[in-house]
Peer 1: 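Dropping the structure in here first, questions after.
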There are 2 protein chains.
Amino acid sequence: MSPRTSTQLQALREERSMQILRAALKVFANQGYNGSTIEMIAREAGVAKGLLYSYFESKEKLLESLITYGLEKASAFLTEPPDGPQHTKEAFAANLRKMVQLFREEQDFWRLYSMLILQPKMAEKFKADAMSFLETYMSVYGSYFQQKQSKNPMAEAMLFGAVLDGLMFDLILSPDEYPLEEVLDMIIEKFA
Amino acid sequence: MSPRTSTQLQALREERSMQILRAALKVFANQGYNGSTIEMIAREAGVAKGLLYSYFESKEKLLESLITYGLEKASAFLTEPPDGPQHTKEAFAANLRKMVQLFREEQDFWRLYSMLILQPKMAEKFKADAMSFLETYMSVYGSYFQQKQSKNPMAEAMLFGAVLDGLMFDLILSPDEYPLEEVLDMIIEKFA
DNA sequence: ATTTTTTGACTGAACGTTCGGTCAAAATTA
DNA sequence: TAATTTTGACCGAACGTTCAGTCAAAAAAT
């Protein structure tokens, strides 16, 4: 029998696991997956490198856990129930700000995710998780462009998607100087 | 005296150099810089790996040559003199198509470049080349949004930049299904 | 005392880079 | 022209280093 209760044990392991995931995210995002070593991640987490292997079975599985967890967290954030009428200009603006907030709170994650999906082999690996998140995203924005007056709702939705992706990209490249508020107003003016 | 004339040698070396650069671009773009091996690049180029070191002094310098060359080529493409009036809606549309063409002709390069600038260390390394290209880009688009009627020309220019970045990103992720023509029309409708 | 967690020295495979040797082709010689 | 010399592009085995992953033993927890 175990000297500790299994629930206590589970909580401890959960916390260590998160500590390692946080460290891995930071290192992977800054050095890239192949440029990161297990040693770097262990040092960042403040533990010995052998310990990582009692929480994740390999470097590759560690990355997979990180991405799956990150996309699930993002989906959960997006599906928080909206607190007002939908399909209005105000709801559009609120959703837009929510997307930006989602991104800014998890910059490192989106930076890493962007790096990975640019490589075919990695994109393949995360296809399922990515599709799942895309569905969540579409449930937030999909209907907006359908009910809105537009010559070509599908093209407008695609373009808006590109705007979000490009905005994310540009915010990564110059997070401090970027005139975010003005650009958001411009997006609302053109798309809402 | 040299057994072969120096001009012949130079031409040979020039061709080999390009052959290696092409192979390196393909491998780097698909596997990422750290995920690529000199062996892979040599195999792709159809030469022995030792030969790479008589053309480029290291893996790192090979990458630097690749990026510098690619950005210079892109700048040259953009600075081809325009053949009509500027600042018109038609000129805007023509320039937009030129940007898309520039991207599609060098997809692998932009994919690699995007992956790299997401990593701080790499972004630092290519800062000078990137700034130089950005200036060329601004000379094509900068004045358009200034002379155009707009509540906030700077914000509109930034947003348009994000559109181009996001469009590039999305075209990388699904190059075949993407409804490019319809989205381009939508961009012209909203920005020209 | 017993069980679990943590450590870091260790291993072998894989990597970037080096280097002695080979060879086709150009220059030279006769 | 035919034989000889000279060149440097090219090859790939070998070297030192780095790294993911292992494991025996120490530390911690109760």
Side-chain angles (χ1 to χ4, degrees), chain A residues 1-28 30-66 116 119 121-122 125, chain B residues 1-28 30-66 116 119 121-122 125:
Chain A
M1 266 300 137
S2 162
R4 265 163 279 189
T5 69
S6 61
T7 47
Q8 273 180 315
L9 275 177
Q10 201 121 26
L12 273 172
R13 286 192 70 83
E14 179 67 22
E15 198 169 331
R16 265 272 194 268
S17 184
M18 289 301 299
Q19 178 188 358
I20 293 169
L21 282 174
R22 268 195 305 274
L25 174 56
K26 186 168 175 182
V27 175
F28 282 151
N30 282 308
Q31 320 287 332
Y33 174 70
N34 284 300
S36 302
T37 71
I38 291 291
E39 185 72 50
M40 288 178 195
I41 297 169
R43 202 178 313 129
E44 177 69 34
V47 299
K49 85 177 196 172
L51 190 62
L52 296 215
Y53 288 90
S54 77
Y55 287 86
F56 301 94
E57 68 182 57
S58 67
K59 186 187 177 186
E60 196 178 346
K61 283 278 199 309
L62 173 55
L63 177 71
E64 286 169 17
S65 300
L66 198 50
L116 293 173
Q119 292 174 244
K121 226 193 302 186
M122 293 289 188
K125 183 180 298 184
Chain B
M1 264 301 140
S2 165
R4 262 161 279 191
T5 68
S6 61
T7 46
Q8 270 180 315
L9 276 180
Q10 203 126 18
L12 270 173
R13 286 191 70 82
E14 179 67 23
E15 197 170 330
R16 264 278 191 266
S17 184
M18 291 300 300
Q19 178 187 358
I20 293 170
L21 283 174
R22 269 195 304 275
L25 175 56
K26 185 168 175 182
V27 175
F28 281 151
N30 281 308
Q31 319 286 333
Y33 173 70
N34 284 301
S36 302
T37 72
I38 292 292
E39 184 75 48
M40 289 177 195
I41 296 169
R43 201 178 313 129
E44 177 70 34
V47 299
K49 66 179 178 170
L51 188 62
L52 298 214
Y53 288 88
S54 78
Y55 286 86
F56 300 94
E57 68 181 58
S58 67
K59 186 187 178 186
E60 196 178 347
K61 285 275 203 274
L62 172 56
L63 177 72
E64 285 168 18
S65 301
L66 198 51
L116 293 173
Q119 291 175 245
K121 226 192 303 186
M122 293 289 187
K125 182 180 298 183

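Just so we're on the same page: letters track the sequence lines, and every chain starts at 1. Quantities reported herein were computed from a predicted structural model and do not represent experimental measurements.
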Peer 1: Quickly work out the Leu62(A) CG to dC19(D) P distance and round it to whole Å.
Peer 2: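 About 16 Å, once rounded to whole Å.
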Peer 1: Can you tell me the distance, in whole Å, between the CG atom of Leu63(A) and the P atom of dA20(D)?
Peer 2: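 One finds 13 Å between P of dA20(D) and CG of Leu63(A), rounded.
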Peer 1: Starting at the 5' end of nucleotides 12-18 of chain C, put B wherever the base has a protein heavy atom under 4.0 Å, S where only the sugar-phosphate does, and a dash everywhere else.
Peer 2: ---SBBB
Peer 1: If you measure only the distance, is there a donor-acceptor pair under 3.5 Å linking the side chains of Gln19(B) and Arg16(B)?
Peer 2: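 Their side chains do contain a donor-acceptor pair, which is all the 3.5 Å distance test asks for.
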Peer 1: Checking Lys61(A) now: which residues fulfil side chain to side chain contact (heavy atoms under 4.5 Å, CB included) with it, not counting sequence neighbours?
Peer 2: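 Partners of Lys61(A) by the side chain to side chain contact (heavy atoms under 4.5 Å, CB included) criterion, ordered by chain and then number, come out as Glu57(A), Ser58(A), Glu64(A).
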Peer 1: I need the CD-P distance between Gln19(B) and dA9(D), as an integer number of Å.
Peer 2: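 Between P of dA9(D) and CD of Gln19(B): 14 Å.
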Peer 1: Of Lys26(B), Arg22(B), Lys49(B), which is the lone residue that meets salt bridge (Lys or Arg N to Asp or Glu O under 4.0 Å) with Glu44(B)?
Peer 2: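 Running salt bridge (Lys or Arg N to Asp or Glu O under 4.0 Å) over Lys26(B), Arg22(B), Lys49(B) with Glu44(B) returns exactly one hit, Lys26(B).
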Peer 1: Atom CG of Leu52(B) and atom P of dA9(D): how far apart are they, to the nearest Å?
Peer 2: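 My rounded result for the distance is 14 Å.
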Peer 1: Which heavy atom of Ile41(A) sits nearest to which heavy atom of Ile20(A), and what is that distance?
Peer 2: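 Heavy atoms only, the tightest pair is CG2-O, 4.3 Å.
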Peer 1: Looking at dT5(C), I'd like to know if its phosphate oxygens (OP1 or OP2) sit under 4.0 Å from a side-chain N or O belonging to Tyr55(A).
Peer 2: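 Checking Tyr55(A) against dT5(C): no side-chain N or O falls below 4.0 Å of OP1 or OP2.
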Peer 1: Which part of the nucleic acid does Phe56(B) contact within heavy-atom distance under 4.0 Å: base, sugar-phosphate only, or nothing?
Peer 2: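 No contact.
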Peer 1: Whole-Å distance between dA29(D) P and Arg13(A) CZ?
Peer 2: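 To the nearest whole Å, that distance equals 16 Å.
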Peer 1: Got a sec, which pairs hit ring pair (Phe, Tyr, Trp, His ring centres under 6.0 Å) with one end in residues 30-49 of chain B, sequence neighbours left out?
Peer 2: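 Every pair satisfying ring pair (Phe, Tyr, Trp, His ring centres under 6.0 Å) with a residue in residues 30-49 of chain B: Phe28(B)-Tyr33(B).
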Peer 1: Looking at Arg16(B), does any N or O in its side chain come under 4.0 Å of the phosphate oxygens OP1/OP2 on dC10(D)?
Peer 2: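 Arg16(B) to dC10(D) OP1/OP2: side-chain N or O found under 4.0 Å.
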Peer 1: What integer distance in Å separates Lys61(A):NZ from dG21(D):P?
Peer 2: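 So the NZ-P distance, Lys61(A) to dG21(D), works out to 11 Å.
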Peer 1: Once you round it to whole Å, what is the distance between C1' of dG21(D) and CD1 of Ile41(A)?
Peer 2: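 These atoms are roughly 13 Å apart.
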Peer 1: To check you understand the geometry: which heavy-atom pair defines the closest contact between Ala48(A) and Ala42(A), and what is its length?
Peer 2: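 For Ala48(A) and Ala42(A), the tightest heavy-atom pair comes out as C-CB, 3.9 Å.
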